[in-house]
Amino acid sequence: MARYAMAIDTVRCVGCMDCVAACKTENGVPEGYDRDWITYESTGQFPTLHMEIRSERCNHCDDPPCVGCCPCGASHIHERGGVVLVHHDKCSGCKACIAACPYDARFIHPDGYADKCTFCIHRVEAGKDPACVAVCPTHCMHFGDLEDPHSEVSRILASRNSHALVPAAGTKPQIFYLR
Amino acid sequence: MNALSRRKFLKITGFTAGAAAAGTAALRATGVLQPPAPERGTRTVPTSCDICFWKCGAIAHVRDGELWKIEGNPLDPLSEGRLCPRGTGGIGAHFDPDRLRSPLMRKHLRGEEEWVEVTWDEAFDFIAKKMTAIKEQHGPEAVALFSHGIGGNFLKHMIKAYGSPNITAPSFAQCRGPRDVGFRLTFGEDVSSPERTDIRNARCLVLIGSHLGENMHNTQVQEFADAVGNGATVIVADPRFSIAASKAKYYLPVKPGTDIALLLAWMHVIVTEGLYDKEYVAAHGFGFEQFAASLAPFTPAWAYPETGIEPSVIEATAREMAAHKPSTLVHPGRHATWYGDDAQRSRAIALLNALLGSWGRKGGFYTPVSMDVPGYPYPEYPKSERGKVDNPGHKYPFAHETITTGIREATLTGQPYPVKGWWVYATNLIHALPNEAETIKAIQNLDLMVVVDVIPSEIAGWADVVLPESVYLERHDDLNVEWFREPFIALRQPVVPSPHEQKPNWWIAKSMAERLGLGAYFPWKDIEEYFQHRLTAAGLSYERLKKDGIIRGVKQPVYFAEGVTPTFPTPSGKIEFMSPQLQQAGFDPVPVYHRPPPAPPGSYRLLFGRSPVHSFSRTQSNRILSDMMPENEVWVNTDIARRHGLTHGQYVRLKNQDGVVSNRVRVKVTERIRPECVYIVHGFGHTARGLHHAAGKGASDAQLITRYATDPLMGGTAMNMNFVTFEPAEA
Ligand code: SF4
Ligand code: SF4
Ligand code: SF4
């Protein structure tokens, strides 16, 4: 079994949105929607400021409430890597998953189904990195298998401090932010 | 912004769910695209990006005959296989429903944007007649060309063949000119583009107003991330807490316009504490004693009230720079036209680098190299008796490129001789030059105004004839024989056909030249024959270049330590700490600080910069890029916003000191800026009628830049000289 995850280095990330652009073209995300987005979180008072820049998306939670709540069996965990996906044809567009997701990762596609980040599973299964990871000009994103202790993500997470978002929600998110 | 409010933000910024999908099917439904070719499957074409002029190597993917996506070319030394966000979103330029489709001629008055569609033949015949008449009456020099980027190379060639030396780009007098002049006066050479900065290997990187990460020149940003990742000390001086500032060990919130004071104080510390590279200065320096003595009064305590930076911080940062020398890079910046003493400020930056011994050293400035690809053997250009029009009597003695605003001035005044025709290629002069009223007035004096562009930009609106160019994904451009840290050449080639009547620049230039009886200057049949000729002469294979997009040359030494001979082509042959050239021309031979005039009470200095997802004013109608940033915001310090009762996200208008009022723009209430200034991203606030999507979104800094100071050394137009107040705007 694999457990796919991302480690994103907030020290290197410049918030350029290339990851957003690459997702749009790779996955044909319609205008007005995003599967990934950037959060610029600045704290403090001028000029003593701190800013964390994060490329955010579906966390492919280990305990995903968006799957349990789906009445149609559309929202599901993929057979490989714990990737959370949606069967477009099964989805009724009821928005239960949107309400359940603590990360606001989902939206209703103009074609009527719930959509979100797929970890570019079509690329991953072809041996490539997700589009956002592959494009990032600062090389700040790392994708891989947490079950494999020698994978780049495992090694980097072992050697650096990191945090996940909204841990209190208890969904076991699989995107980790290095600092 | 947290995840929850992000959705709200999307709503309030007017994204409408279910509105026009960017998908190609939707564009086809609206008639923008031709019916799909029967082609099936996926193919890739190596080419090079043109969303900015960095020209990153790219690989475009076509799926079932339709442009799908574009990625970096791993062979390319500039991008190393990763494009910037603008490059990644570049396919939006091909799909843009607002792009120009066929040649246009104006119906009535200039600027009314009322057009008749004409054929290329009709357009060329009209232009040729006018150009012939101008040549007869006023001489060929009376036609000027404003051209930005490699795409304009063949138009430049056509204009030179016609007999005019008046060819210019805003990249000099509105951008990097002062920097290159300051460095040339000091080291004898320009910083040039791509910048010869060895950011990747810097152990200490100093950014003065340079906002890498927002300014998205790909190589520089990649190297910046490497430097940060490698633990280099980053020092940022900026009135705004930029992205780069958020990576800095030292953030210096310098008061706008006081950078020279900071630079003098840094140099004072380094010289008085004996921290400079003594061997380097002794070996390569000229006039060091006089320069060192001139620094005596400029203590950190002196600089404190000027800059607002604590003396202890000035000392600590100066020592940190010295500790990492010569791998300390004081970045020369790029857009340097700020306060009118910009060439002198750039000289101060050059001198600080000289003290640290970074020119020619690893982690400082490398020596760029290039491949030897001979030019095409054309007939000699006619020689102009009168010379260039932009800088009469060498009023700006150190301008080593043509001054756009000098040509504008000559067009207005008819002095030193009249200018009667403008060709404008890929540069939206209304947004690029300060004081648009002067530009518009100059245009009124013309007998001919031709604009070549891909979108109906504001400047196109003032043309007599608008010629629609193919976007970069549909055309060949000239070979890029790049000067970089390693030698290479790169090709731009078509990936998909143009959807309408658009044509590549080489074809436009060649066709025009033939109409003007200048066919001898375009002896090749088409651009591929031209490539073949040049590459064969260089011993290289065009077939290989077509296949790979890039040919890399043999690595060469780029640092003094690798064997590059230190040469400084200044008059003394050394690094000129004290500049006899400046002295002879009546200028300060060492940099001097002049306090900028304060803001009028109750108003705020208008600063502007870049977004990583837009290039100038040319990408706001690209649907992929505009989706990520549809409008700009005015950054206002929290306290100031409170004082004016402004709330985050509300619309205001900005009114400048001359009563010019901007389009409505959202307020970004933020701690990330000094109270005495406001900031907007350049390129928004379009007014052109044909830019259906981009028009009316955000505010234009250019419109508010009615005042500018001219750099007496080189004619650069300093634009951070305008002040604004807030006016109410409808929600
Ligand atoms: S592409 Fe990389 S650097 Fe740019 S915002 Fe995304 S994660 Fe950050
Ligand atoms: S982030 Fe949201 S959509 Fe993604 S798996 Fe977790 S709960 Fe589901
Ligand atoms: S820096 Fe970005 S926009 Fe400029 S050429 Fe490179 S990829 Fe294109």
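Atom set for the values below is all heavy atoms of this structure, side chains included, hydrogens, waters and symmetry mates excluded. Every chain is numbered from 1 and lettered A, B, ... according to where its sequence line falls, protein lines coming before strand lines.
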Applying salt bridge (Lys or Arg N to Asp or Glu O under 4.0 Å), run through B:D96 and B:R623 and close with a yes or a no.
-> CA-CA 7 Å; B:D96 185 352; B:R623 301 301 197 269; 3.2 Å; yes

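- Between the side chain of B:S210 and the main chain of B:L207, no donor-acceptor pair closer than 3.5 Å is present.
- Residues of residues 246-255 of chain B having a heavy atom under 4.5 Å from any heavy atom of chain A, listed by number: B:S246, B:K247, B:Y251, B:P253.
- Proximity to chain A (any heavy atom under 4.5 Å) is shown, for B:Q222, by both the backbone and the side chain.
- Below 30°, between 30° and 60°, or above 60°: for A:H76 and A:H87 the angle between ring planes is below 30°, a parallel geometry.
- Using cut-offs of 30° and 60° for the angle between ring planes, the A:Y113 and A:H88 rings count as parallel.
- With a 4.5 Å cut-off on non-hydrogen atoms, A:A134 touches chain B through its backbone but not through its side chain.
- Heavy-atom distances place no part of A:I108 under 4.5 Å from chain B, backbone and side chain included.
- With a 4.5 angstrom heavy-atom cutoff, B:D226 touches chain A via backbone and side-chain atoms both.
- With chain A as the partner, the residue from B:R672, B:K69, B:E671 showing the most heavy-atom pairs under 4.5 Å is B:E671.
- Residue contact with chain B, scored on non-hydrogen atoms closer than 4.5 Å, involves the backbone and the side chain of A:C136 alike.
- The aromatic rings of B:H61 and B:W68 lie perpendicular to each other, with more than 60° between the two planes, well past the 30° mark.
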Applying salt bridge (Lys or Arg N to Asp or Glu O under 4.0 Å), run through A:R179 and A:D9 and close with a yes or a no.
-> CA-CA 6 Å; A:R179 50 186 162 200; A:D9 189 344; over 6 Å; no

How far apart are the C-alpha atoms of B:H331 and B:Q220, what are their side-chain angles, what is the distance that settles it, and do they pass the side chain to side chain donor-acceptor pair (under 3.5 Å) test?
-> CA-CA 11 Å; B:H331 196 288; B:Q220 297 206 56; 2.6 Å; yes

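- Formation of a donor-acceptor pair under 3.5 Å by the B:S626 side chain with backbone atoms of B:M629 is not found in this model.
- Proximity of the aromatic rings of A:F119 and A:H60 is defined here by a centroid distance below 6.0 angstrom, and this criterion is met.
- Heavy atoms of B:R86 lying under 4.5 Å from chain A are absent altogether.
- Between chain B and the residues A:A21, A:P47, A:C16, the most heavy-atom pairs under 4.5 angstrom are made by A:C16.
- In terms of modelled atom types and a separation under 3.5 Å, the side chain of B:D76 and the main chain of B:S79 share a donor-acceptor contact.
- Most heavy-atom pairs under 4.5 Å with chain B: of the set A:P137, A:A22, A:S42, A:G15, this distinction falls to A:P137.
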Are B:L625 and B:M628 close enough, and set up right, to give a side-chain contact (heavy atoms from CB on, under 4.5 Å), and what steps lead you there?
-> CA-CA 5 Å; B:L625 299 179; B:M628 294 189 284; 3.7 Å; yes

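- With a 4.5 angstrom heavy-atom cutoff, B:L83 touches chain A only via backbone atoms.
- For A:H139, the parts lying under 4.5 angstrom from a heavy atom of chain B are both the backbone and the side chain.
- The nearest pair of heavy atoms linking A:R57 to A:D36 is NH2-OD2, 3.6 Å.
- Of the two parts of A:T10, only the backbone, made up of N, CA, C and O, holds a non-hydrogen atom closer than 4.5 Å to a non-hydrogen atom of chain B.
- Shortest non-hydrogen contact noted between A:W37 and A:V20 is CA-CG2, 4.0 Å.
- When each of A:T138, A:D18, A:T25, A:V135 is checked for heavy-atom pairs under 4.5 Å with chain B, A:D18 comes out on top.
- When B:D639, B:T670, B:L212, B:I673 are compared by the number of non-hydrogen pairs under 4.5 Å with chain A, B:I673 comes out ahead.
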